[in-house]
Amino acid sequence: MASLVQELSQIVGAVFVEWGLPAELGAVRVSDRPDLAQFQCNGAMAAAKQAKKNPRAVAEEVVARLQTNPAFAKVEIAGPGFINLNLTAEYLAGYLGGIASDPRCGVATLAKGKTVLLDYGGMNVAKAMHVGHLRPNVIGDALKRMVRFAGYNALGDIHMGDWGLPMGQIISEFEIRNPEWVYFKADFVGPYPEEPPFDYGTLEEIYPQASNACKEDPVRLEQARQATADLQNGRPGYRALWNHFMKLSIADLKKNTDALGVHFEIWKGEADVNDIIPAFADELKAKGLLVESDGAQVIEVVADDDKKEIPPLMFFKSNGAQTYGTTDLATLYERVKLYPDLVKIIYVTDKRQNLHFEQVFRAAKRAHLVDKVELVHIGFGTLNGADGKPFKTRDGGVMRFDMLLDLARQKASERMKEAHLAQDLSVEEWNDTARMIGVAAIKFADLLNQAHVDYIFDIDQMTSFEGKTGPYILYQAVRIKSLLRKAGEFEADSALYLQEGDRALALLLTQLPEVFAGALKHYTPHVLCDYTHRLAQEFSSFYGNCHILSEADESLKASRLQLCRMALAQLTLTTSLMGIDIPERM
Ligand code: ARG
């Protein structure tokens, strides 16, 4: 299915082809000056150059031919040779009628079958999920939904931080506290207990204590290092204990990510590649890529045209330990093998990891691991408090993730009361609606900012029912739902009769295919947020200016209800791509 601008580009392109000029010159786009025209084509200038003619003369010829085309109500030349185009109401109505019952709202499938893996989340085991995890989860999940909607097989991998020094720190802390546990007995032959002798709360509490102890005491640090190495070398008691950490942590992570409405197809982590690292290292050595440097083994990644210094990727430290780069490179190696139709991996992490990914990507390219796979890193900015410093709780601590969601729910509930909304909901429905609005508020506010910028986390602003917010969008969508409920049955495929007051909304409804394609291509969910907000606003004006249920002309009423239904379908689609659900009532 062609989008509207594609359809128009074909019409205008055909005119250029008649002169033996390329059809691309007839490319039509939404006008930069909606006050002057609906669409524009700038090809006459380039055509004039190619045909060695005056641009206005070329534009005049194009206009003369287009004027007779039934698609256009008005065709005009502006400035040096811009062609301004306005559609007839019938043409616009015909186009919209063609996509009215399309569940994809006119957006074509852009890809088929190929796999794209998205690496986001990256939470660390035994550490409570906190406010810093909001962005990778929200952005990664939205990108995954977009990639999937485009037609790819999209897989989300949480890639947990489950293998480094923190694991050894916790193990040695437990060993000091509970030396009698079987996990620490050298002569124990198993089996180890199924259930952990501690709960997740204990684990979470122990980690910061263990980490502090290691900072203060070099002996403790050495113990933790040793425990990490023993764990990685497969010491059974330590592995059994680590399995407990994993089980408890994953249960807690699932609880938090479910509450946020973010999901993963793959629950792997750094540890999963441990066993393939030696063979992988041999391969790298055989290719001559792993070289010795001050006792360590590194992969050089400098390029001739580097403007800044890019240090080598540290593969094995001089003591033989792996690094973050080792596991990421090995994970890439494994992913390419596991998913033969993989075409892309998108990593979403804090932008402070830009250099790390530059090193990993360059090393992967040098090793020819990714000849058929595109690697993308989306580095996001910091979530700041009102003071412009990283967001903290009132007492200066890091806000836990469950507290964050609770705060959003409470604020949403206050806002609903202020706005006298949802007064006929039961307590249960009220809480559930507040929860949905809270999640929508933080997701929309996050996605609305370009990923790489730092932004201020302002819960009051983001939960407001006015302005460019998630709750505003939900409010407008719920308004349409209620309107359609009141309308009851109406002909869902009613023809559209577009009047003056319907035009802005009708025109906007044709733009989603280009908006979506742009947002997907540049990994910019904020473009989708902008569009969704414009659509909500446009619906609101339409609702204010036009008779809908009170319209006496039955065909016009049905046509307007049809526009409402299409607006709701698009709001539902675009918010679902952001991971936002729309309540039935509020
Ligand atoms: N666990 C890492 C961190 O806390 C994030 C992991 C991101 N993904 C990756 N493949 N490196 O910083």
Side-chain angles (χ1 to χ4, degrees), residues 1-99 105-108 110 496-522 524 527 530-531 534-535 538 541 563:
M1 193 180 306
S3 69
L4 180 59
V5 294
Q6 282 168 344
E7 234 177 72
L8 299 176
S9 299
Q10 264 163 25
I11 299 176
V12 182
V15 173
F16 283 89
V17 171
E18 279 176 39
W19 293 326
L21 290 167
E24 295 76 67
L25 292 175
V28 170
R29 54 187 173 90
V30 173
S31 171
D32 296 335
R33 292 283 309 268
D35 51 327
L36 298 181
Q38 297 167 354
F39 298 91
Q40 66 186 64
C41 167
N42 301 349
M45 273 88 78
K49 230 184 199 165
Q50 288 188 27
K52 299 204 171 47
K53 283 190 177 177
N54 170 318
R56 258 195 102 89
V58 173
E60 270 161 24
E61 282 189 58
V62 179
V63 167
R65 287 176 205 233
L66 291 177
Q67 240 141 16
T68 53
N69 191 300
F72 303 113
K74 198 160 87 181
V75 187
E76 280 177 339
I77 304 173
F82 296 107
I83 300 167
N84 281 341
L85 304 159
N86 276 0
L87 302 180
T88 60
E90 294 72 28
Y91 186 83
L92 179 58
Y95 176 81
L96 280 178
I99 59 166
C105 300
V107 181
L110 304 172
L496 291 165
Y497 300 100
L498 301 176
Q499 310 290 311
E500 182 69 31
D502 309 328
R503 191 176 301 135
L505 178 60
L507 274 171
L508 190 59
L509 287 170
T510 65
Q511 290 182 18
L512 184 59
E514 270 69 33
V515 169
F516 174 74
L520 178 77
K521 181 165 180 211
H522 305 290
T524 45
V527 171
D530 278 329
Y531 177 77
R534 269 169 62 208
L535 185 55
E538 206 59 80
S541 322
L563 282 182

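- Side-chain contact between Tyr497 and Asp502: absent, with no pair of heavy atoms (C-beta onward) separated by less than 4.5 Å.
- Here the closest heavy-atom approach between residue Asn84 and residue Ala78 is recorded as ND2-CB, 3.6 Å.
- In this structure, the side chains of Leu509 and Leu96 come closer than 4.5 Å at one or more pairs of heavy atoms.
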Please test Phe516 against Ser3 for side chain to side chain contact (heavy atoms under 4.5 Å, CB included), starting from the C-alpha separation and ending with a verdict. CA-CA 11 Å; Phe516 174 74; Ser3 69; over 6 Å; no
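- Interatomic distance, CG of Leu512 versus CG of Leu4, reported as 12.5 Å (0.5 Å rounding).
- Note that CZ of Phe72 and CG of Asn86 are 10.0 Å apart. Values are rounded to the nearest 0.5 Å.
- Pairing each heavy atom of Gly26 with each of Val12, the nearest pair is O-CB, 3.5 Å.
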Donor-acceptor pairs under 3.5 Å, side chain of residues 54-66 to any protein atom, not counting sequence neighbours: which ones?
| residue | atom | partner | partner atom | Å |
| --- | --- | --- | --- | --- |
| Asn54 | OD1 | Arg56 | N | 2.7 |
| Asn54 | OD1 | Ala57 | N | 3.3 |
| Arg56 | NH1 | Gly79 | O | 2.6 |
| Glu61 | OE2 | Lys53 | NZ | 3.4 |
| Arg65 | NH1 | Glu18 | OE1 | 2.3 |

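- Scanning both residues, Pro22 and Phe16, for their nearest heavy atoms gives O-CB, 3.8 Å.
- If you take CZ on Phe82 and CE on Met45, they are separated by 4.0 Å, rounding to the nearest 0.5 Å.
- Contact detail for Leu498 and Ala93: the closest heavy-atom pair is CD1-N, 3.7 Å.
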Report the C-alpha separation of Gln38 and Arg503 in whole Å, then their side-chain angles, then the decisive distance to 0.1 Å, and conclude whether the side chain to side chain contact (heavy atoms under 4.5 Å, CB included) test is met. CA-CA 10 Å; Gln38 297 167 354; Arg503 191 176 301 135; 3.2 Å; yes
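- Side chain of Thr88 to backbone of Ala73: no donor-acceptor contact under 3.5 angstrom is found.
- Between Val30 and Thr510, every side-chain heavy-atom pair lies at or beyond the 4.5 Å cut-off.
- A distance of 5.5 Å separates CG in Leu21 from CD in Gln50, rounded to the nearest 0.5 Å.
- Note that CG of Asn69 and OH of Tyr91 are 7.5 Å apart. Values are rounded to the nearest 0.5 Å.
- Contact detail for Cys105 and Ile99: the closest heavy-atom pair is O-CD1, 4.1 Å.
- Scanning all heavy atoms of the two residues, the minimum distance from Val5 to Arg29 falls at CG1-CA, 4.2 Å.
- With hydrogens and angles disregarded, a donor-acceptor distance shorter than 3.5 Å links the side chain of Gln40 to the backbone of Asp32.
- For the atom pair Ile83 CD1 and Glu76 CD, the distance stands at 11.5 Å (nearest 0.5 Å).
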